[in-house]
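Hydrogens, waters and symmetry mates are skipped; everything else that's a heavy atom, side chains included, is used. Residue numbering restarts at 1 for every chain, and letters A, B, ... go by the order of the sequence lines.
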Amino acid sequence: MEKFSYVNATSLKQVTSLLSDSGWGEIMMIAGGTDLLAELKEYIETPKTLINLKTLPGMDSISADASGLKIGALTTVAEIAMHPTIQHHYTVLAQAAASVATPQIRNVGTLGGNLCQRPRCWYYRDETVSCLKKGGDLCYAVEGLSKYHAIFGGDPVYIVHPSDIAPALIALNASIKIVGPEGEKTIKVEEFFTLPAANPFRENVLEPNEIVVEVHVPKPNPNTKSLYLKAREKGAPDFALASVAGVFEVMGRTCQAASIVLGGVAPAPWRSTDAETALTGKMINDSVSAKAGEEAVKNAQPLNDNEYKVTLTQNLISRAAMMAVSK
Amino acid sequence: MSEKKEYKVIGTRPIRHDGVDKVTGRAIYGADFQITGLLHGRVLRSPHAHARIVSIDTSRAEAHPGVKGVVTAEDLPAAEDKMADLGEGAVSLKYLCDNILASDKALYKGHAIAAVAATSPHIAEEACELIDVEYEVLPPVLEVRQAMESDAPILHENLRTSSLGETGDKPSNIASHFQHKKGDIDKGFDEADVIIEREFVTGTVHQGYIEPHNATALYNPDGQLTVWCSTQGAFTVREQLAEILQYPISKIKVVPLEIGGGFGGKINVYVKPVAALLAKKTGKPVKVLMNRADVFEGTGPTPASYITIKMGATNDGKITAAQTSLVFEAGAYPGSPVGAGAMCVFAPYNIENVVIDGYDVVVNKPKTAPYRAPGATNAAFGTETVVDELAEKLNIDPLEIRLMNGAKEGDRRADGPVYPRIGFIETLEAAKEHPHYASPNGKKYHGRGIASGFWFNIGLESSVTINVNPDGTVNLVEGSTDIGGTRASIAMQAAEVLGIPAESVNPTVVDTNSIGYTAVTGGSRTTYATGYAAYEAAQDVVQQMKARAAKLWDVDEDNVQFADGEFSSINGKEEQISFRDLSARLGETGGPVIGRATMNPAGAGGAFATHVVDVEVDVDTGKVEILRYTATQDAGKAIHPSYVEGQIQGGVVQGIGWALNEEYIYNDEGEMTNASFLDYRMPTCLDLPMIDAVIVEVPNPGHPYGVRGVGEVPIVPPPAAIANAIYDAVGIRMTELPMSPDRLLKAMGKI
Ligand SMILES: Cc1cc2nc3c(=O)[nH]c(=O)nc-3n(C[C@H](O)[C@H](O)[C@H](O)COP(=O)(O)OP(=O)(O)OC[C@H]3O[C@@H](n4cnc5c(N)ncnc54)[C@H](O)[C@@H]3O)c2cc1C
Ligand code: SF4
């Protein structure tokens with residue numbers, strides 16, 4: 001870890017103005033530090049200054065009303081996972097948050113940090129490797145070891161986005177409030193994340209001097225059933241090999257609307273419109289759900305070692321659809 | 001032997017003597033150790049798996065503010081061609097030294113190249129970046145079958161295969177090949193009605209102890225070297241330091257601190273000699289701590305292996321022949337546990353015709369180290385899967401085929417030894433009678449698997465002294481690192497002899513200057529051998545105390561007897577005094593009493609285990625869930641049943657990790673890509689059911705209470721038991737470890 005100076009944030013204005021003094025990497029924000037500290041120790045990031053966001057007032061709470069949820073960026077993952085309203089009405093979000101890491105990390109890691117966390121690709125996390133994402137020439141996963149890499153949307157960088165919370169938020173049609181030196185803006189979480197074709201170096205649209213402040217989640221319709229399925233090699237801590245955030249509006253066994261967003265399979269949370277189309281308006285049974293799985297992966301492009309993810313994703317989608325219409 | 005005896009202390013479950021210190025955070029581990037003037041050391045490691053070291057320039061690092069000293073292999077005494085004796089036969093001193101700091105070649109990624117001592121750990125780390133090493137990168141070889149090919153990259157130009165007494169004439173990565181033979185293998189297979197032959201591949205796995213390696217070293221101006229460290233054996237550290245540093249044993253004191261797990265991985269030294277070299281160079285105490293990546297990449301994991309097993313049986317289930325080739329990776333230097341694997345591979349069965357071939361092969365990975373029953377788990381994965389397949393082909397229950405062929409007292413193992421009284425059959429019977437085995441197992445994608453395992457256990461040297469306190473308690477001094485509750489299990493054996501409660505014995509593990517030679521805590525020997533020494537030392541106390549009572553009563557020593565904590569006189573005088581009261585009168589009867597014993601017992605008595613596991617296979621995701629697990633094991637005599645159960649459960653858990661998730665994942669350049677506990681997946685409680693540990697007690701004739709080592713054999717059966725259960729669930733034979741979701745999906749034809 002390199003030496004750095006440490007500044008406690010007092011206001012958003014102060015933060016954005018401090019950040020405006022440099023591009024990426026010189027001055028960085030730290031929230032829970034569960035991701036960033038590891039990057040500092042491994043020399044993946046070597047900032048000169050860290051701004052501690054935890055001292056910002058009023059950004060660590062959840063409020064719920066008839067229109068939906070507001071969750072401050074400094075809210076911990078644990079608070080989201082254990083919030084009764086979220087558990088009842090935004091189940092996919094509570095389940096996704098509960099599947100993150102370990103109790104200790106959930107108690108410290110924040111929503112903002114979870115959405116802005118960096119990739120887990122083992123080449124990215126190796127300080128001696130300068131891959132495409134870090135400004136080098138090659139994505140090593142293409143020829144190298146790709147067991148945990150993307151099967152969708154990869155070109156030219158095949159990371160998978162590590163967040164479990166992001167797919168859940170997108171499936172719930174959430175928005176994200178961002179503050180920069182010019183003021184605030186609110187965009188869809190879905191538009192927040194970007195694919196490497198647009199920018200191979202970052203995973204989202206945030207500028208170096210912008211900060212995530214809050215997430216808004218509209219209240220789902222009453223006939224909504226939502227759930228998060230995550231396949232991993234061991235119980236915890238483990239990132240998703242593949243995951244499905246599913247939000248279904250159901251009437252009996254009929255799916256009136258479906259929002260299906262995949263985690264662990266693409267450089268950004270991956271909406272499967274193919275699966276959504278295959279389910280919408282249908283009576284859900286074994287063959288319809290199986291078909292939805294098949295449709296979802298028909299354009300998958302696995303690398304050398306991750307073909308199993310295609311099977312996994314397909315089966316998880318079918319399972320999610322069946323669970324949506326079961327009691 | 002002692003079967004029917006009633007014990008007062010043995011078999012009870014007192015609170016362990018070291019428990020309070022540990023749960024209150026007071027126990028001192030290596031990283032906690034502090035001393036005035038302490039410097040911090042950091043090791044620079046090779047980024048390449050195979051490279052010639054052209055030059056090392058440390059001048060920039062030495063000039064860095066805060067740096068007090070830099071060492072490389074040049075600071076080690078010249079090792080060329082010398083042999084070192086570490087009590088287990090001669091090993092090349094060059095190999096031993098080169099693994100501490102590479103001299104001419106880096107042989108694995110993570111190989112130590114140089115080390116820095118500085119005023120802070122951060123400065124030491126920075127300074128490592130300032131050491132300029134020029135490498136000539138060579139192609140690595142990472143897998144035994146490739147390493148054995150004639151055109152494979154060669155690790156050691158001087159290494160010649162020693163094969164069945166002959167030495168090869170050209171450089172090779174095959175360090176050695178040996179063979180055990182029994183009976184007539186061709187005849188055995190001729191007699192068989194069914195023959196199964198399979199290949200197995202297992203991955204490189206790490207012991208995964210929580211506490212990383214550490215050492216603090218100090219040279220006094222008079223040349224006395226003291227090393228405080230975490231180790232499984234202070235005396236083996238002393239021996240290794242003496243050889244590696246070519247320094248007199250009498251000038252080395254090793255102080256063992258608390259240990260946070262070892263499982264075999266803390267017998268070999270890594271940073272201890274480095275700390276000593278830095279301490280010598282700087283004249284200051286130097287502490288070196290590893291981080292987790294250092295531990296994965298720079299210490300010894302247990303080997304990956306390639307195994308073929310061929311077994312034949314008659315239609316009525318008798319196994320007539322068994323043949324195997326065990327090819328183990330040694331890592332960068334010769335010395336895998338293939339020898340131990342060969343002793344265990346067919347050990348549970350009485351088979352007339354056997355051939356076992358073992359190969360020790362060097363590859364560009366860290367030099368392997370022992371891990372709980374080293375070699376036996378790899379071997380049993382093969383054997384126990386094939387036995388299961390034989391049972392299936394012959395339509396015999398898998399427990400029955402084991403009962404029919406199971407080894408008993410008087411049977412001879414293929415590598416020579418004839419079994420004394422052993423308890424394999426009893427573990428099978430215990431499994432058969434357990435409600436688990438009778439419970440229904442018919443659900444779709446659920447399966448049940450059985451496997452057995454053997455570990456020979458060892459004796460070796462132990463020393464114990466017992467000082468009697470005036471209040472009737474005793475201080476027990478020993479040299480065995482306590483990893484799994486042995487302070488308690490050793491103290492209890494002394495307490496039983498002395499007729500006092502376990503709590504009245506205060507056990508302490510001391511440094512190498514304060515107790516007689518004691519071999520490592522390994523080979524499941526500590527409760528057996530050091531416990532045996534404690535038993536004998538306590539007997540010595542009793543003898544001496546009898547003399548004191550005789551003096552007190554003015555009777556002949558032979559007329560004093562001792563039972564249930566009371567001395568009494570027989571023949572004439574009606575005298576009686578308790579151990580406690582007599583303890584208060586030692587001064588007046590001749591001074592303090594110190595009991596002592598040293599041992600090198602030969603009758604360790606092998607341990608057997610039989611495991612039953614139920615799994616559910618998620619056919620959509622390839623994930624295996626362990627639903628129920630029952631492990632029966634012959635403990636001989638469980639001194640402290642809770643810690644025997646703890647050993648069984650711990651071994652099973654590590655076996656489950658080995659079976660399902662754990663492996664070093666290497667890229668083509670020979671770099672481990674998953675050197676963290678996030679990416680190297682060890683199981684947690686979320687992955688495990690309650691593990692039912694069933695203790696079977698067939699007393700070991702080689703120990704006064706019948707103790708057998710218990711720590712290692714429980715890791716042996718799990719991979720095979722789980723593979724057999726997966727077969728029962730989905731009809732697929734898994735022959736490669738780990739059986740991770742991607743492999744299972746592939747094997748089920750879902751990809
Ligand atoms: C062992 C382990 C297992 C894990 N498993 C999972 C898992 O299964 N699923 C999962 O989803 N995650 C997992 N994680 C990631 C974990 O959830 C994140 O590390 C955590 O949520 C990040 O929050 P933080 O507050 O600690 O972020 P920090 O580490 O403080 O910051 C992370 C990044 O986000 C930036 N940042 C933080 N807050 C803001 C903000 N408000 N605006 C803009 N940028 C910001 C920081 O600059 C930094 O680059 C795991 C992490 C670990 C260490
Ligand atoms: S997936 Fe991304 S982070 Fe990983 S090697 Fe390729 S470019 Fe680098």
Side-chain angles (χ1 to χ4, degrees), chain A residues 1-3 34-35 38 41-43 99 101-103 105 120-129 140-141 143-148 162 229-244 289-290 293 302 305-320 322, chain B residues 45-48 109 120-123 125-126 128-129 291-293 297 618-626 656-657 660-663 665-669 671-689 738-751:
Chain A
M1 186 185 297
E2 300 279 2
K3 288 199 188 79
T34 58
D35 186 35
K41 284 189 186 171
E42 308 279 329
Y43 298 88
S99 81
T102 62
I105 293 170
R120 284 284 160 182
C121 166
W122 42 32
Y123 298 105
Y124 174 79
R125 295 272 163 172
D126 181 342
E127 76 168 280
T128 63
V129 174
Y140 288 87
E143 295 282 319
L145 297 176
S146 52
K147 183 175 174 189
Y148 301 107
L229 294 184
K230 174 175 174 180
R232 42 187 153 181
E233 290 187 15
K234 70 178 225 186
D238 214 353
F239 286 91
L241 297 172
S243 69
V244 177
S289 63
D305 309 325
N306 64 0
E307 216 182 329
Y308 75 99
K309 280 197 177 190
V310 178
T311 311
L312 204 56
T313 306
Q314 173 179 345
N315 291 340
L316 279 186
I317 290 173
S318 311
R319 184 176 285 185
M322 290 306 287
Chain B
R45 296 178 181 281
S46 168
H48 307 295
K109 182 182 180 235
S120 88
H122 300 291
I123 294 174
E125 194 174 316
E126 276 167 26
C128 280
E129 304 285 309
N291 62 27
R292 185 57 55 185
E297 298 183 335
D618 185 331
V619 294
D620 291 339
T621 65
K623 177 115 172 57
V624 175
E625 193 182 342
I626 310 289
I656 290 173
L660 296 180
N661 300 117
E662 292 179 39
E663 68 179 315
I665 303 176
Y666 280 96
N667 64 21
D668 289 345
E669 286 74 45
E671 298 162 349
M672 181 187 187
T673 55
N674 60 333
S676 77
F677 271 150
L678 181 61
D679 298 317
Y680 180 90
R681 293 168 167 81
M682 297 192 79
T684 72
C685 53
L686 294 179
D687 302 293
L688 306 161
M739 300 176 281
S740 47
D742 58 322
R743 288 218 176 95
L744 215 60
L745 283 176
K746 193 168 224 161
M748 289 188 292
K750 303 249 174 181
I751 297 182

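- In this structure, A:Glu233 and B:Pro741 have side chains that are in contact, with non-hydrogen atoms separated by less than 4.5 Å.
- Within the 4.5 Å cutoff, the side chain of B:Asp679 has no heavy atoms near those of the A:Arg125 side chain.
- Nearest approach of A:Tyr43 to B:Glu125, heavy atoms of both residues: OH-OE2, 2.7 Å.
- Only the backbone of B:Val619 comes within contact range of chain A, with heavy atoms under 4.5 Å apart.
- Taking every heavy atom of both residues into account, B:Leu745 and A:Tyr308 meet most closely at CD1-O, 3.8 Å.
- Not a single side-chain hydrogen bond (donor to acceptor under 3.5 Å, both in side chains) links A:Ser289 to another residue, sequence neighbours left out.
- In this structure, chain B has a heavy atom under 4.5 Å from the side chain of A:Leu145, while its backbone stays farther away.
- With a threshold of 4.5 angstrom between heavy atoms, A:Thr311 approaches chain B through its backbone and through its side chain.
- Neither the backbone nor the side chain of A:Lys309 comes within contact range of chain B; no heavy atoms are under 4.5 Å apart.
- Between A:Leu316 and B:Thr621 there is a side-chain heavy-atom pair separated by less than 4.5 Å.
- Neither the backbone nor the side chain of A:Tyr140 has a heavy atom closer than 4.5 Å to any heavy atom of chain B.
- With rounding to the nearest 0.5 Å, the separation of CD in A:Gln314 from NZ in B:Lys750 is 10.0 Å.
- Each of B:Leu660, B:Asn674, B:Asp668, B:Ile665 has some count of heavy-atom pairs under 4.5 Å with chain A, and the biggest count is that of B:Ile665.
- Using a 4.5 Å heavy-atom threshold, the side chains of B:Thr673 and A:Lys147 count as separate.
- The environment of CD in A:Glu143 is sparse: at most 12 heavy-atom neighbours from other residues, nucleotides or ligands sit within 6.0 Å.
- Atom OG1 of A:Thr128 is separated from atom CD of B:Glu669 by 10.0 Å, given to the nearest 0.5 angstrom.
- Here the side chains of A:Lys41 and B:Asn291 are not in contact, with every heavy-atom distance at 4.5 Å or above.
- Using a distance-only test at 3.5 Å, with no hydrogens or angles considered, no donor-acceptor pair links the side chain of B:Lys623 to the main chain of A:Arg232.
- Contact of B:Glu625 with chain A is not made at all, since no heavy-atom distance falls under 4.5 Å.
- Contacts of B:Ser740 with chain A are made by side-chain atoms alone, with heavy-atom separations under 4.5 Å and no backbone atom involved.
- For the atom pair CG of B:Asp620 and CD1 of A:Ile317, the computed distance is 12.0 Å after rounding to the nearest 0.5 Å.
- Using modelled atom types, no side-chain atom of B:Asn667 and backbone atom of A:Gly144 make a donor-acceptor pair closer than 3.5 Å.
- Remark: the backbone N or O of A:Gly235 is paired with a side-chain donor or acceptor of B:Asp687 at under 3.5 angstrom.
- The side-chain hydrogen bond (donor to acceptor under 3.5 Å, both in side chains) test applied to B:Arg681 returns A:Tyr148, A:Asp238, not counting sequence neighbours.
- In terms of heavy-atom pairs under 4.5 Å with chain B, the best-connected choice from A:Ala242, A:Ala231, A:Ala236, A:Gly293 is A:Ala236.
- The greatest number of non-hydrogen atom pairs below 4.5 Å with chain A, out of B:Ile751, B:Leu686, B:Thr684, is found for B:Ile751.
- The structure places CH2 of A:Trp122 at 12.0 Å from CD of B:Glu671, a figure rounded to the nearest 0.5 Å.
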